[in-house]
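In what follows, a structure is listed as structure tokens, so that the remarks can point back to it.
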Amino acid sequence: QVQLVESGGGSVQPGGSLRLSCAATGNVFGVNVMAWYRQTPGAQRELVASVTRAGSATYHDSVKGRFTISRDNAKKMVFLQMNNLKPEDTAVYFCKAEGLVVIPLEPMDYWGKGTLVTVSS
């Protein structure tokens, strides 16, 4: 049974930092792309950042220069370092694994359950 388990959310003041972690558990052979999305009430889920197996990263324009995504392929983990947080970063953050391989099955996409990040003074 594959699960994505997120941790690291919480409350922080503007200008503060948080680090989100996500671990793919179960009999996971590998993952193609790992990503972080976020969602606020009434809005669509939006891509915050993604990173390929080779380490190539992309970011939403609103977080460039403030957030850094990284991954540990051996541990099947992805991280999101969030610095200089702003109130508009408040959202539920979701981890996504794209092209996750469990031998002998076909690659599939998986979502975590989400972790709340609140930025407020």
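Basis for what follows: all heavy atoms, side chains included, without hydrogens, waters or symmetry-related copies.
- When all heavy atoms of Gly8 and Leu18 are compared, the pair lying nearest together is O-CD2, 3.9 Å.
- Hydrophobic clustering, defined by side-chain heavy atoms of Ile, Leu, Val, Met, Phe, Trp and Tyr closer than 4.5 Å, groups Tyr37 together with Leu47, Val92, Phe94, Trp111, Leu116.
- Between the side chain of Glu98 and the backbone N or O of Val33 there is no donor-acceptor pair closer than 3.5 Å.
- Judged as a ring pair (Phe, Tyr, Trp, His ring centres under 6.0 Å), not a single pair has a partner in residues 1-28 (not counting sequence neighbours).
- When hydrophobic clusters are built by joining Ile, Leu, Val, Met, Phe, Trp and Tyr residues whose side-chain heavy atoms come closer than 4.5 Å, directly or via intermediates, Val12 is grouped together with Trp36.
- Atom SG of Cys22 is separated from atom NZ of Lys113 by 12.5 Å, given to the nearest 0.5 angstrom.
- The structure places CZ of Arg19 at 9.0 Å from OG of Ser7, a figure rounded to the nearest 0.5 Å.
- Rounding to the nearest 0.5 Å places CG of Leu4 at 7.5 Å from OG1 of Thr25.
- Here the OG-CD1 distance, from Ser56 to Ile69, works out to 10.5 Å after rounding to the nearest 0.5 Å.
- If you run side-chain contact (heavy atoms from CB on, under 4.5 Å) between Val31 and each of Met77, Arg53, Lys96, Arg71, only Arg71 comes through.
- The two residues His60 and Ser62 come nearest to each other via the heavy atoms ND1-OG, 2.8 Å.
- Interatomic distance, CG of Leu80 versus OG of Ser21, reported as 9.5 Å (0.5 Å rounding).
- Thr90 places a side-chain N or O within donor-acceptor distance of the main-chain N or O of Val119, the cut-off being under 3.5 Å.
- Pairs of residues two or more places apart, or lying in two chains, that qualify as salt bridge (charged side-chain N to carboxylate O under 4.0 Å, His left out) and include a residue from residues 30-42 are Arg38-Glu46, Arg38-Asp89.
- Connection of Val28 to Met34 is established within a shared hydrophobic cluster, with ILVMFWY side chains joined at heavy-atom distances below 4.5 Å, either directly or through further cluster members.
- Taking CD of Glu88 as the reference point, atom CG of Leu85 lies at 10.0 Å (rounded to 0.5 Å).
- Across all non-hydrogen atoms, the minimal contact from Phe29 to Lys76 is O-CE, 3.4 Å.
- Phe79 and Val63 are not part of a single hydrophobic cluster, where members link through side-chain heavy atoms under 4.5 Å apart.
- For the pair Gln3 (side chain) and Gly26 (backbone), a donor-acceptor distance under 3.5 Å is absent.
- Between Pro14 and Pro87 the shortest side-chain heavy-atom distance falls below 4.5 Å.
- A donor-acceptor contact shorter than 3.5 Å is absent between the side chain of Gln81 and the backbone of Thr68.
- With a 4.5 Å cut-off on side-chain heavy atoms, Val78 and Cys95 count as touching.
- Between the side chain of Tyr59 and the backbone N or O of Gly65, no donor-acceptor pair lies under 3.5 Å.
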task: Carefully, step by step, assess Leu20 and Glu6 under the rule side-chain contact (heavy atoms from CB on, under 4.5 Å).
output: CA-CA 7 Å; Leu20 305 183; Glu6 299 126 329; over 6 Å; no
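- Judged by distance alone, with hydrogens and angles left aside, the side-chain atoms of Asp109 form a donor-acceptor pair with the main-chain N or O of Gly99 at under 3.5 Å.
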